[in-house]
Chemist: 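Structure below; questions to follow.
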Amino acid sequence: MLLVLLLLVVLPGSLAEEQKMPALQEEFNVLVYGTLQLGQALRDTYSSTNDKLQRVATRYGKLERKLGGLEVEVARVKQEMGRIGQKVDSLQREEQERRTVSHRVADDLRDTQTQYAELQRRVQDLEKGAQDKEQLIPSFLKRRMERQNLLLQVISEESERQRKQMAGQRGRLLTILKQASAIASR
């Protein structure tokens, strides 16, 4: 730009000496004016481009911050999902253990019921024999039958308690699975 101004100052004086070439002076003035306009246009373009680059840089910075926030949120959600997965696994293991215990209790209950039915059959046989012989049932058999009745009652109560406990665990597991799917759908 400084060079153009220098040319404007020096050249008109040297061209004025040459009066014979007025067309060259006019062409020179047109060229200088065109150069000044080009310089102005380039400066405006540079300024506009610089402003646009600043806006893009600002938007890029905002997007970077948002992306960073999203990355933190994703990491938090992944951590939460891992914790929920561990809790679900733990609850499923507990439920499986309870099912196993419940099956064992049910098997024991069936065995006890079978033994009880056998015992009742024997008692009935003995009662018939006792009626025939007009004797009382031996006291040890009565005690055994009372113990069997008590054992059957205890096993029935334990089986019912296990069933209620499993239903509660199933409810908690469903709640956790709903929470996990709600978090995953965000």
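Everything numeric in this text was worked out from a predicted model, so none of it was measured.
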Chemist: Show every salt bridge (Lys or Arg N to Asp or Glu O under 4.0 Å) that has at least one partner inside residues 152-166, sequence neighbours left out.
Modeler: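 Counting only pairs at least two positions apart or across chains, the salt bridge (Lys or Arg N to Asp or Glu O under 4.0 Å) contacts touching residues 152-166 are Glu158-Arg161, Glu160-Arg163.
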Chemist: Please answer: with hydrophobic residues joined when any side-chain heavy atoms are less than 4.5 Å apart, are Met145 and Val154 in the same cluster?
Modeler: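 In one cluster: no.
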Chemist: Specify the closest pair of heavy atoms between Ala180 and Met81, including all atoms of both residues, with the distance to one decimal.
Modeler: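 Shortest heavy-atom contact: O-SD, 3.9 Å.
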Chemist: How long is the straight-line distance from CG of Leu53 back to OH of Tyr46, given to the nearest 0.5 Å?
Modeler: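 The distance works out to 9.0 Å.
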Chemist: State the CG-CG distance between Leu152 and Leu119, to the nearest 0.5 angstrom.
Modeler: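 Between Leu152 CG and Leu119 CG, I get 11.0 Å after rounding to 0.5 Å.
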Chemist: Quick one: list whatever passes side chain to side chain contact (heavy atoms under 4.5 Å, CB included) with Asp51, sequence neighbours left out.
Modeler: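 Testing Asp51 for side chain to side chain contact (heavy atoms under 4.5 Å, CB included), a comparison that skips the adjacent residues, returns Ser47, Arg55.
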Chemist: Atom CZ of Arg170 and atom CG of Leu91: how far apart are they, to the nearest 0.5 Å?
Modeler: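 Taking CZ in Arg170 and CG in Leu91, the distance rounds to 12.5 Å.
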Chemist: Considering residues at least two apart in sequence or located in another chain, which fulfil the salt bridge (charged side-chain N to carboxylate O under 4.0 Å, His left out) criterion with Arg121?
Modeler: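 Once residues adjacent in sequence are excluded, the partners of Arg121 under the salt bridge (charged side-chain N to carboxylate O under 4.0 Å, His left out) criterion are Glu118, Asp125.
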Chemist: Side chains of Glu80 and Val77: closer than 4.5 Å at any heavy-atom pair?
Modeler: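 SC-SC contact between Glu80 and Val77 ruled out.
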Chemist: From Leu70 CG over to Arg76 CZ, what is the distance, rounded to the nearest 0.5 angstrom?
Modeler: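 Result: 12.0 Å between the selected atoms.
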Chemist: Test of understanding: with salt bridge (charged side-chain N to carboxylate O under 4.0 Å, His left out), list the residues that count as partners of Asp44, not counting sequence neighbours.
Modeler: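 In terms of salt bridge (charged side-chain N to carboxylate O under 4.0 Å, His left out), with neighbours along the sequence ignored, Asp44 is linked to no residue.
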Chemist: In Å, rounded to the nearest 0.5 Å, how long is the span from CD of Gln113 to CD of Gln148?
Modeler: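 That separation rounds to 11.5 Å.
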Chemist: Side chain to side chain contact (heavy atoms under 4.5 Å, CB included) with Val88: which residues, sequence neighbours excluded?
Modeler: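 Val88: side chain to side chain contact (heavy atoms under 4.5 Å, CB included) contacts with Ile84, Gln92, Leu173, Ile176, Leu177.
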Chemist: Treating Ser159 as the side-chain partner and Ile155 as the backbone partner, does any N or O pair qualify as donor plus acceptor under 3.5 Å?
Modeler: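 It does not hold such a pair.
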Chemist: Hey, can you pull the donor-acceptor pairs under 3.5 Å for the side chains in residues 93-100, sequence neighbours left out?
Modeler:
unit_1: Glu95; atom_1: OE2; unit_2: Arg99; atom_2: NH2; d: 2.7
unit_1: Arg98; atom_1: NE; unit_2: Gln165; atom_2: OE1; d: 3.2
unit_1: Thr100; atom_1: OG1; unit_2: Gln96; atom_2: O; d: 2.9

Chemist: Not counting sequence neighbours, which residues clear side-chain hydrogen bond (donor to acceptor under 3.5 Å, both in side chains) with Asp111? List them please.
Modeler: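 Residues passing side-chain hydrogen bond (donor to acceptor under 3.5 Å, both in side chains) with Asp111: none at all.
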Chemist: Kindly determine whether Val101 and Arg104 satisfy side chain to side chain contact (heavy atoms under 4.5 Å, CB included), including the steps that lead there.
Modeler: CA-CA 5 Å; Val101 168; Arg104 275 191 255 137; 4.2 Å; yes
Chemist: Output the rest of the hydrophobic cluster of Leu38: all Ile, Leu, Val, Met, Phe, Trp and Tyr residues reachable through side-chain heavy-atom contacts under 4.5 Å, sorted by chain and number.
Modeler: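 Noted: Leu38 shares its cluster with Leu42.
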Chemist: Is the shortest side-chain heavy-atom distance between Asn149 and Tyr116 below 4.5 Å?
Modeler: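 In short, these two side chains touch, coming nearer than 4.5 Å.
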Chemist: Donor-acceptor pairs under 3.5 Å, side chain of residues 58-67 to any protein atom, not counting sequence neighbours: which ones?
Modeler:
unit_1: Thr58; atom_1: OG1; unit_2: Gln54; atom_2: O; d: 2.8
unit_1: Tyr60; atom_1: OH; unit_2: Glu64; atom_2: OE2; d: 3.0

